[in-house]
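This report concerns only the one structure given below.
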There are 2 protein chains.
Amino acid sequence: MTTELRDLPVRAVDCLKYIYKMRERGEKVTTSAMRELLETQEQSGQLSDAAVTQLFKLLAKEGFVEHTPYRGVELTPRGEAVAAESVRHHRLLELFLARQLGYSLDEVDAEAEKLEHAISESFEDRLDTLLGHPVVDPHGDPIPNKAGEVIDEPSLPLTQLEPGREAVVRRVSDDNAEMLRYLTQLGLVPGTRVQMRGREPFEGPLRVFIGEDAGGQERVIGVQVAGSVRVAPTTR
Amino acid sequence: MTTELRDLPVRAVDCLKYIYKMRERGEKVTTSAMRELLETQEQSGQLSDAAVTQLFKLLAKEGFVEHTPYRGVELTPRGEAVAAESVRHHRLLELFLARQLGYSLDEVDAEAEKLEHAISESFEDRLDTLLGHPVVDPHGDPIPNKAGEVIDEPSLPLTQLEPGREAVVRRVSDDNAEMLRYLTQLGLVPGTRVQMRGREPFEGPLRVFIGEDAGGQERVIGVQVAGSVRVAPTTR
DNA sequence: CATTTATTTTTACATCTGTTAAAGTTACTA
DNA sequence: TAGTAACTTTAACAGATGTAAAAATAAATG
């Protein structure tokens, strides 16, 4: 086990975790992007770019990232191991909060963020057992196993589902609580069946049938909303 | 709600909590006693007396304690409110760890110590509901309610139980993991029935019958062990 | 391709929290 | 009650982590 995680400042671990998540989405990890993420996701309020630069330099010195000045950072294998364990903690906790304590989809992220730095290896293992060795969290995001490996179920953004095709919601973006409340209200949560009814060109709105035949209904949603949802098409 | 708890440094909150617990036991809160407690209970390793003095001055300036230089500190009502909430977090978590995650009596304190600073008001309330609004933790220590009040079941140290008298174990001291493992092995845990069979003078060993008639057995224990156990005599 | 604009890094400095060592206070003892 | 031992506080300073503003670099534009 690595568990260097517990020797690093909380903010440094979060930083590695966010690099991991940005790479999951294929985004480049720049100084200002990281500053924005840390500002919105941590409860710390404002943060300067200079602080992020210093963080990058610390992480580079300790061998967790490659830092190319003025270009951004990338995880080394060591950094990825720490990030994966942090993400594992976070997502196990999210599932626990949703399942055992009745938290809603938009609440779990903030609470897990605070708890993930406080739990021990033993707590992690017991939670994993209690939850039945889960592989996805309540948002549908994969939970890395102890070795840091994830099961990557193929999915595509709802925006790319062809008209007429049916699908099952697999993942919803976890980083915007307000969006999650809206998605929950629409019923666009992991496990729900959907059918694309129509798409307007030029980033126009989408008509989507949400739910099972009788209980479901057709809704019109914007691309930003649809872009927050990933689906797995149903084979026909 | 006070909840000033979340604006204070972790160590300051711990300090208030330990003042609260020392007063529970009727001990005086001196600089060096607090240093020892912080060293053993937090995982921070060594600590200087000077650091504790500075902590006392900070807490006094903010109105959480009365500090009489060279004499020690006492909680103000504000300090007591924060301490009680901290203790509430700690003991609810201990019960959760023991009940839901199968932690043993000697493990819960250290894990709860780390988690108690990370949980939100909402988490506290949901845990309280999940556990059925409990009034004692796994060691038998009372859990303050939201108003900071505790139910104080009368009990006396096992060392003071008269020969021949029967009793039920109510509380075990929570601050020594090794002692807790020994007590667990003996069966001297909250809820167990005991009968005092004999006491030797001059702090000598005690003969105690532990358990129900058939399954129980007589053991000889030292005063330090017996002093870690509080019991409620069975009326006859 | 020179210049402007945006971004990132460096520098100088502030704050918080800890340390060690000296000085101060209290309590014990002969 | 003077002297000493134990404990506590103060003073000087150190390290970690933050900021603001200046300097450096990269990217965009006429």
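Below, chains carry the letters A, B, ... as their sequence lines are ordered, and counting in each starts from 1. Small disclaimer: the values here were computed from a predicted structure and weren't measured.
Here the nucleotide nearest the side chain of L47(A), chosen from dT8(C), dT19(D), dT8(D), is dT19(D). Picking from dT8(C), dT10(D), dT8(D) the nucleotide with the shortest atom distance to the side chain of T31(A) gives dT8(C). Among dT10(C), dT8(D), dT7(C), the nucleotide with an atom closest to any side-chain atom of A50(A) is dT10(C). When distances run from any side-chain atom of D49(A) to the nucleotides dG24(C), dT9(C), dT19(C), the shortest one goes to dT9(C). Taking only side-chain atoms of P9(B), from C-beta outward, the nucleotide of dT17(C), dT8(D), dT19(D) with the closest atom is dT17(C). Looking at the side chain of R71(A), the nearest of the listed nucleotides dA26(D), dT9(C), dT25(C) is dA26(D). Here the nucleotide nearest the side chain of H67(B), chosen from dA20(D), dT9(D), dT8(C), is dT9(D).
Counting to the nearest Å, the C1' atom of dT17(C) and the CG atom of L8(B) are 14 Å from each other. Atom P of nucleotide dT8(C) and atom CD of E36(A) are separated by 10 Å, given to the nearest angstrom. What separates CD of E62(A) from P of dA16(D) is a distance of 10 Å, to the nearest Å. The CZ-P distance, from R11(B) to dT19(C), rounds to 8 Å in whole Å. Per the geometry, CG belonging to L58(B) stands 7 Å off P belonging to dT17(C), to the nearest Å. Atom CG in L38(A) sits about 13 Å away from atom C1' in dG18(D), given to the nearest Å. Distance, D14(B) CG to dT17(C) P: 14 Å, rounded to whole Å. Nucleotide dT8(D) holds its C1' atom 15 Å from the CE atom of M34(B), rounded to whole Å.
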Could you go through the side-chain hydrogen bond (donor to acceptor under 3.5 Å, both in side chains) check for S155(A) and R230(A) one step at a time? CA-CA 6 Å; S155(A) 62; R230(A) 296 185 70 91; 2.9 Å; yes
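Taken from CZ in R181(A) to CG in N176(A), the straight-line distance is 8.5 Å, to the nearest 0.5 Å.
Using a 4.0 Å cut-off, some side-chain N or O of T30(A) falls inside it from OP1 or OP2 of dT8(C). Dashed line: the shortest gap from a side-chain N or O of R35(B) to OP1 or OP2 of dC7(D) is not under 4.0 Å. In this model, the phosphate group of dT8(D) is not approached by any side-chain N or O of K57(B) to a distance below 4.0 Å at OP1 or OP2.
When the shell of 6.0 Å around CD of Q224(A) is examined, it contains 12 or fewer heavy atoms from other residues, nucleotides or ligands.
Nucleotides of DNA chain D nearest to Q46(A) and V52(B) differ in position, and the one nearer the 5' end is that of V52(B).
By the 6.0 Å and 45° rule, R126(B) does not stack over the aromatic ring of F123(B).
Across all strands, S48(A) comes closer than 4.0 Å to base atoms (heavy-atom distances).
Salt-bridge check for D141(B) with K21(B): failed, with every basic side-chain N at 4.0 Å or more from each acidic carboxylate O.
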